[in-house]
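Have a look at the structure below before the remarks.
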Amino acid sequence: MPPRKEAEHRINHFIRAQQVRLVGDNVEVGIYSVQDALKQAQEQGLDLVEISPNVDPPVCKIIDYNKFLYEEKKKKKKKKKNINKNKKM
């Protein structure tokens with residue numbers, strides 16, 4: 001059995017930090033406790049996603065995680081397509 005692939009981003013209750021910097025649409029940018037940030041995400045029916053985990057406090061965004069993954073996949077595919085196009089020239 002192959003090892004389980006770890007998620008690319010921590011979401012919702014998997015975020016380990018005590019405080020996060022919250023950014024994005026429909027939120028007041030600032031530093032919040034994880035509980036407050038999760039509450040805001042739940043009220044909007046969205047996910048709290050850790051975007052930049054290597055800063056203090058980590059940067060999180062309230063978004064639809066599945067839509068976010070779809071957009072990321074599209075960006076990577078487009079980037080790869082452009083790289084291949086440049087190689088052919």
Side-chain angles (χ1 to χ4, degrees):
M1 182 190 232
R4 187 170 162 241
K5 184 179 175 186
E6 190 172 321
E8 194 172 336
H9 301 93
R10 289 189 194 114
I11 62 169
N12 299 326
H13 297 288
F14 294 102
I15 297 171
R16 297 186 208 132
Q18 297 298 312
Q19 291 188 321
V20 296
R21 181 176 307 274
L22 198 54
V23 298
D25 303 329
N26 303 323
V27 297
E28 189 172 327
V29 175
I31 297 175
Y32 295 86
S33 70
V34 172
Q35 292 81 12
D36 288 342
L38 278 169
K39 184 178 176 185
Q40 287 186 40
Q42 288 171 347
E43 287 171 356
Q44 295 180 36
L46 298 171
D47 300 302
L48 182 66
V49 180
E50 192 176 57
I51 302 297
S52 296
N54 298 328
V55 294
D56 187 31
V59 177
C60 292
K61 197 170 189 180
I62 295 177
I63 52 176
D64 179 343
Y65 187 58
N66 289 325
K67 185 177 179 182
F68 173 75
L69 288 177
Y70 174 75
E71 294 294 327
E72 288 288 303
K73 189 176 179 181
K74 266 182 35 177
K75 284 180 193 175
K76 285 180 184 177
K77 192 173 183 179
K78 186 175 182 180
K79 196 179 219 183
K80 188 175 181 181
K81 183 179 176 183
N82 288 339
I83 289 171
N84 288 337
K85 192 185 289 185
N86 289 337
K87 283 183 180 179
K88 289 181 182 179
M89 291 180 175

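Keep in mind that the numbers below use all heavy atoms, side chains included, and drop hydrogens, waters and symmetry copies.
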Here the gap from I31 atom CD1 to D36 atom CG, rounded to the nearest 0.5 Å, amounts to 13.0 Å
Output for pair (D47 CG, N66 CG), nearest 0.5 Å, gives 7.5 Å
Any side-chain heavy atom of C60 sitting closer than 4.5 Å to one from I15?
yes
The reported gap from NE2 in H9 to NZ in K61 (rounded to nearest 0.5 angstrom) is 10.5 Å
Taking every heavy atom of R10 against every heavy atom of P53, the minimum-distance pair comes out as NH1-CB, 4.3 Å
Exercise for the section: Taking the side chain as every heavy atom from C-beta outward, state whether K78 and K75 have any atom pair closer than 4.5 Å. Expected result: no
To the nearest 0.5 Å, atom CG of N26 lies from atom CD of Q40 at 10.5 Å
Nearest heavy-atom contact between P58 and A17 is CG-CB, 3.6 Å
TODO: Check whether V27 and V20 end up in the same hydrophobic cluster, where Ile, Leu, Val, Met, Phe, Trp and Tyr are linked by side-chain heavy atoms less than 4.5 Å apart.
DONE: yes
Can you tell if the side chain of L46 reaches within under 4.5 Å of the side chain of F68, non-hydrogen atoms only? no
Taken to the nearest 0.5 Å, the spacing of Q35 CD from H13 NE2 works out to 9.5 Å
Hphob cluster co-occupancy, V55 + V23, side-chain heavy atoms under 4.5 angstrom:
yes
| query | With the 4.5 Å side-chain cut-off for hydrophobic clustering, are Y32 and V34 part of the same group? | reply | yes
Check: So does Q18 have more than 12 non-hydrogen atoms from other groups sitting under 6.0 Å from CD?
Finding: no
Do I63 and I11 belong together in a cluster built from hydrophobic side chains that touch within less than 4.5 Å? yes
- Message: With a 4.5 Å cut-off on side-chain heavy atoms, are L48 and L22 touching?
- Response: yes
